[in-house]
Amino acid sequence: MNIFRLAGDMTHLASVLVLLLKIHTIKSCAGISLKTQELFAIVFLTRYLDLFTNFISIYNTIMKLIFLGSSFSIVWYIRRHRVVRRSYDKDQDTFRHFFLMWPCLILAIFINEKFTLKEVMWTFSIYLEAIAILPQLVMLQRTRNIDNLTGQYIFLLGAYRAFYILNWIYRYFTEEHYVHWITWVAGVIQTLLYGDFFYYYFQSWKNNVKLELPA
Amino acid sequence: DDAETLKDEL
């Protein structure tokens, strides 16, 4: 494992921890899109179908379990927790997210590396992850006022994607036969979606003012 | 095989 991959995994892990911290200690999910969280839970569920059949390393297995467990517990918190669910801005989170799944599924059926159930589900998870952040970005745009933890959460998620691209570039030059168009194209699209957010995040950081997106 | 290599990523 190279340093970019590790940095990517660690920023991904940190993003989840920041979100859990916000939900668990402040008992608030204000500004967080349940739609995006549900999509992430589906992404991990369909990607890690090989959790118990394809062993790679202890590290991989533990990380997979953390991402599965955290994504489902976040959804549970927002939907079911007595206090947390009251802070959920339902009216701002109106994205028809399940409609995003159909094009991803159809695309995965036609464009994949191998036509098996596991492989199609894995490819579906790659496509779905690329656009799963959209409901959250739409919600940010609407609420505009973004608290620190929500801002950091999205920043860390974007950083995770950026590090993964550096990881792919590194692996491309250091490993033989390392060409994965599906993952790369989906990954680059996913990272570009954060571009706008990054711009305003750095502006607010540079000028030391509260993060606010333009209407 | 080649198709399996990315499965070592998360």
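Just so we're on the same page: letters track the sequence lines, and every chain starts at 1. Just the heavy atoms: all of them, side chains too, but no hydrogens, waters or symmetry mates, feed the values below. Since the model is a prediction, treat every value here as computed from it, not as a measurement.
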If you count every heavy atom of other residues, nucleotides or ligands that lies below 6.0 Å from [X] atom [atom1], does the total exceed 12?
X: Phe55(A); atom1: CZ; answer: yes
X: Tyr199(A); atom1: OH; answer: no
X: Tyr170(A); atom1: OH; answer: no
X: His81(A); atom1: NE2; answer: yes
X: Leu21(A); atom1: CG; answer: yes

> Under a 4.5 Å heavy-atom cutoff, which of Arg5(A), His12(A), Met1(A) has the most pairs with chain B?
Replying inline: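 Of the options given, most contacts go to Arg5(A).
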
> Ile56(A) and Lys7(B): which non-hydrogen atoms are nearest, and at how many Å?
Replying inline: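 For Ile56(A) and Lys7(B), the tightest heavy-atom pair comes out as CD1-O, 2.8 Å.
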
> Is the shortest distance from a Lys or Arg side-chain nitrogen in Glu9(B) or Arg171(A) to a carboxylate oxygen in the other one below 4.0 Å?
Replying inline: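 Salt bridge between Glu9(B) and Arg171(A), a charged N being under 4.0 Å from a carboxylate O: yes.
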
> Under a 4.5 Å heavy-atom cut-off, does chain B meet the side chain of Asp9(A), its backbone, both or neither?
Replying inline: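 The side chain, not the backbone.
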
> Do Leu10(B) and Tyr164(A) come close enough that some side-chain heavy atom pair is under 4.5 Å?
Replying inline: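 SC-SC contact between Leu10(B) and Tyr164(A) confirmed.
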
